[in-house]
Amino acid sequence: MAFQIPRGTQDILPGEVEKWQYVEKIARDICKRYNYHEIRTPIFEHTELFLRGVGDTTDIVQKEMYTFEDRAGRSMTLRPEGTAPVVRSFVENKMYGNPNQPIKLYYIGPMFRYERPQAGRFRQFVQFGVEAIGSNDPAIDAEVIAMAMELYRSLGLKKLRLVINSLGDVETRKAHRQALIDHFKNRIHELCEDCQVRLEKNPLRILDCKKDRDHELMATAPSILDYLNDESRHYFEKVKAYLTKLGIPFEVDPRLVRGLDYYHHTTFEIMSDAEGFGAITTLCGGGRYSGLVQEIGGPETPGIGFALSIERLLAALDAEGITLPISEGIDCYVVAVGEKAKDESVLLVHELRKAGIVADKDYQDRKIKAQLKAADRLNAKFVAILGDDELAKEVINIKEMSTGEQMEVPLHSVVDYLKERLS
Ligand code: HAM
């Protein structure tokens, strides 16, 4: 019986995985420069964490979680996102007591959402995300946004659009909530069933509805920006001023409300405007949260972060025709002819590898011609040919594949010779 991979998941095979490693390395380098430290949390958590942390009226919680009972009957959920787990860890490990505030964390790992798979949308996907917890300074909002933009830009993406909004504070959201209810309530039956439920539970999320996006009530809905109180407005002005100072272009969209419940003040998304990118254009989403740390059992502490999937990032690179500078091929392939030479080649590749040289040899008992072909297929920079004759003379033949140039080198100095030539 042949098995198939589950829908919405993918194998990342050699040839492709190098791109992932490259992107992850750049992401880690950026985090290091911005002084963010990696955190690794479990793949599954108590379901309750996401009910509270993500919000029980959100699509994620209502429709998309992979929830199961463990053998002791506890409800567990494969993490659909990283913010609630990071905040859980922040509280559980009492990071709020650390004098180095804000606590700046990042993560790279798989997330799980039971969504309808399509281009750019998977059921298992890898998020790179950051969370800065413990500061109310609008400069940290700009810092977090700058990090995401830096990742995309340093990989060569140009067709990017940063959209920002402010959801204000509790007072703002309350006033705006009432205005939304007043706006929609008489004609709510014209909107989808989900929106009818949202009117009661979380009217802000109506603005995020994909089905009713083009309904006239959407365009005329009260803008949150008109409900910002002085403090919230001042905060948003500061964030915008810092982005401008950092030379990061942005657009303001008062309808950017985001699909998770925990946001206050700044929210943002980065979209790809590349042609042929497909229907889903959001590469990255994030924002500021307050109330979340408290909801999860810690002292009231503000945070801000973003998450982006590597899947969508790679799709955006493809759409812009960008190839990553990934070095394919190996440094040296050792070709051995004859029984003694074969034995010796086992030691030689071992020595080369220990010296930091990417080396391989034949394990299929192939003839010399087939070994040379294998070296070619592996894109070897050098081929080291060892026959029993050379072995008797304690030398080895080195061929540089790009030039065809050949050299006879004493066997005892071949490692140094190759190191020198490769440097
Ligand atoms: P989110 O908007 O749900 O936010 O997801 C963030 C990003 O994850 C999206 O912009 C997209 O790149 C990627 N993503 C989401 N779902 C999928 C999927 N099914 N397939 C592929 N990629 C996907 C969050 O997750 C928040 N935790 C972000 C955050 C961090 N806010 C504050 N801190």
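Both backbone and side-chain heavy atoms feed into the values below; hydrogens, waters and symmetry mates do not. For this chain, numbers begin at 1 and follow the sequence in order. We count ligands from 1, going down the list as the structure has it; atoms in each ligand are counted the same way. Since the structure is predicted, the reported quantities are computational estimates derived from the model, not experimental observations.
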Partners of T67 by side-chain hydrogen bond (donor to acceptor under 3.5 Å, both in side chains), sequence neighbours excluded?
-> T77
Geometric class of the Y235/H265 ring pair [parallel <30°, tilted 30-60°, perpendicular >60°] = tilted
Does a side-chain N-to-carboxylate-O contact under 4.0 Å join D360 and R353?
-> yes
Decide whether a cation-pi geometry holds between R79 and F50; the criteria are a distance under 6.0 Å from NZ or CZ to the six-membered ring centre and an angle within 45° of the ring axis.
-> no
With a cut-off of 3.5 Å and sequence neighbours excluded, list every side-chain donor-acceptor pair involving residues 313-324.
| unit_1 | atom_1 | unit_2 | atom_2 | d |
| --- | --- | --- | --- | --- |
| E320 | OE1 | K158 | N | 2.9 |
| E320 | OE2 | K158 | N | 3.3 |
| E320 | OE2 | K159 | N | 2.7 |

What donor-acceptor contacts under 3.5 angstrom involve side-chain atoms of residues 124-132, with partners at least two apart or in another chain?
| unit_1 | atom_1 | unit_2 | atom_2 | d |
| --- | --- | --- | --- | --- |
| E131 | OE1 | Y289 | OH | 2.7 |
| E131 | OE2 | T83 | OG1 | 2.9 |
| E131 | OE2 | Y107 | OH | 3.1 |

Neighbouring residues of ligand 1, heavy-atom cut-off under 4.0 Å | E81, T83, R113, E115, G120, R121, F122, F125, Q127, E131, R258, L260, Y262, Y263, T282, L283, C284, G285, G286, G287, Y289, G305, F306, A307, L308, S309, R312
